[in-house]
Protein chains: 2
Amino acid sequence: MVPIIERQPKKQRHQQLLRIIEENPFVTDRELTRLLKVSIQTIRLDRMELGIPELRERLKLMAERSYDAVRSLQLDEVIGEIVDLQLDKSGISIFEIQKEHVFSRTGIARGHHVFAQANSLAVAVINDEIALTSAADIRFLRSVRLGEKCIAKAFVRSHSGGKSKAKVEVFTYVGDEMVFQGHFVIFRSAGERANEGGSERADRD
Amino acid sequence: MVPIIERQPKKQRHQQLLRIIEENPFVTDRELTRLLKVSIQTIRLDRMELGIPELRERLKLMAERSYDAVRSLQLDEVIGEIVDLQLDKSGISIFEIQKEHVFSRTGIARGHHVFAQANSLAVAVINDEIALTSAADIRFLRSVRLGEKCIAKAFVRSHSGGKSKAKVEVFTYVGDEMVFQGHFVIFRSAGERANEGGSERADRD
DNA sequence: TACTGAATTAGTACCTGGTGATAATAGCTG
DNA sequence: CAGCTATTATCACCAGGTACTAATTCAGTA
């Protein structure tokens, strides 16, 4: 028979080990011996069984991830991926809701992420040196869930030549269902060119 | 006389060294000897003079930075630190604008981060199982810059017992200057307080 | 009872990517 | 030539491991 009285402690230790390293990847094997009250060899056997790399490898992996992340997230001025952009006219971006965007208990996206996509797009679509959100009126029409792809469409409604404000409407869809709508007032820097090409008027709403 | 014919190569090498490590922090001293055609001792003397830590230290620093970033950005359900919370009444949170929150060119905070703080607080202040932003009307009164501390104050204006919507006003200040105001409509789940488990609000999930 | 076998512990050799110290050399320069 | 800087060469040592072999413990059982 399998000595379950012996087996349990090992599995429990494995669970503890995973938990400890999860919440502090910077721990050395020697420190783990003090936490788990077993020899360093046992720690190393455990790591092997669990496929946990050594401290230096863990740090290297984290560094590589963050190196990529810094390049792709922080330097990125836009939340979501812009797939179409006609400056001063319209734009489309796609943003997939991942687990870091949702309430973990419910799997529902936190509102400010949906807002962030729309806000980024509204700013990006303005063809000017500086564009800042000045005001917004927004509606969350239905909650967005983990894994759903949000497609935001922005339309510049007015960017009248001399003025320093532009109005942008953004509608966000999941599939063909509208989940968010926002009306943004974007402040723009003075130096705009005098092209007033957009004859679009409010053909919606 | 100073042997500038000798000095220049050294300074040039230092510049190269800085550039190489900047764009690839994962390089070892041994690899650098091949790139710079000098001995490994020279590489190490150069690193010392330039105050560049060894590979493992560099990786550790990157890992720590990314670890903090993950903790503060992704795992946190609330943007900003809540310093006071009176459920269904009011709340205060503090959020410092860091470089990942600003337009790199101008140093001005992107609107959705300021919004995120306010939105998080508006949701947190509602004492209910589920609270979701339903709509919001917001104004960015002045731009917020890198390094500024945003203090958001939320007030629940109506949470009439049976209703499923609450109104929350949030005002964000830098010093005594108001930089943002928002009027939120928060959807809440049926029960005003589910007495099923005790300290609900302790779990941020 | 003695045997089996998993789990644990111990010990050794070796590895990478370094630090720190000391000393030898190269190359120019006044 | 001496004097100087820069460079290179060794050597001992370190942390935090891997890889391997061997001993010990301890429960279950044939």
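Numbers restart at 1 for each chain; the letters A, B, ... are given by sequence-line order, proteins then strands. What's counted below: heavy atoms across the whole structure, side chains too, no hydrogens, waters or symmetry copies.
Closest contact between the side chain of B/L45 and the listed nucleotides C/dT8, D/dA15, D/dT8 involves D/dT8. Of the candidates C/dT9, D/dA9, D/dG17, D/dA9 carries the atom nearest the B/S39 side chain, counting heavy atoms from C-beta on.
Taking atom CD1 on B/I43 and atom C1' on D/dA6, their separation rounds to 14 Å, with Å as the unit. One atom, CG of A/D46, and another, C1' of C/dA7, lie 10 Å apart when rounded to the nearest Å. Between the CD atom of A/E31 and the P atom of D/dA15 there is a distance of 13 Å, given to the nearest Å. Nucleotide C/dT16 holds its C1' atom 11 Å from the NZ atom of A/K60, rounded to whole Å. Rounded to a whole Å, the CG atom of B/L17 is 12 Å from the P atom of D/dT7. Going from atom CG of A/L59 over to atom C1' of D/dG16 covers 11 Å, rounded to whole Å. The CG-C1' distance, from A/L55 to D/dT18, rounds to 14 Å in whole Å. Taking atom CG on B/L50 and atom P on D/dA6, their separation rounds to 13 Å, with Å as the unit.
Looking at heavy-atom distances under 4.0 Å, B/T28 makes contact with sugar-phosphate atoms alone, never a base. Nucleic acid contact for B/I40: none, since no nucleic acid atom lies under 4.0 Å from a heavy atom of the residue.
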Discussion item. Between B/D137 and B/H183, does the side-chain hydrogen bond (donor to acceptor under 3.5 Å, both in side chains) criterion hold? Intermediate values first, please.
Written reply: CA-CA 5 Å; B/D137 197 354; B/H183 192 95; over 6 Å; no

Item to complete: Under the side-chain hydrogen bond (donor to acceptor under 3.5 Å, both in side chains) rule, what do B/K153 and B/S90 come out as? Steps first, then yes or no, please.
Response: CA-CA 7 Å; B/K153 301 183 181 182; B/S90 65; over 6 Å; no

Practice prompt. Applying side-chain hydrogen bond (donor to acceptor under 3.5 Å, both in side chains), run through A/K165 and A/S134 and close with a yes or a no.
Written response: CA-CA 8 Å; A/K165 304 238 173 167; A/S134 166; 3.2 Å; yes

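Under 3.5 Å, the side chain of B/R30 and the base of C/dT16 form no donor-acceptor pair of N or O atoms. With hydrogens and angles ignored, no donor-acceptor pair under 3.5 angstrom links the side chain of B/R56 to the base of C/dG18.
At most 12 heavy atoms of other shown residues, nucleotides or ligands fall within 6.0 angstrom of atom CZ in B/R30.
When only modelled atom types and interatomic distance are considered, B/Q181 and B/T172 share no side-chain donor-acceptor pair under 3.5 Å.
The aromatic ring centres of B/F115 and B/F184 sit less than 6.0 Å apart.
Between the side chain of A/E169 and the backbone N or O of A/A154 there is no donor-acceptor pair closer than 3.5 Å.
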Worksheet item: Can you give one letter per nucleotide of nucleotides 19-25 of chain C, 5' to 3': B if a protein heavy atom sits under 4.0 Å from the base, S if only from the sugar-phosphate, - if neither?
Response: B------

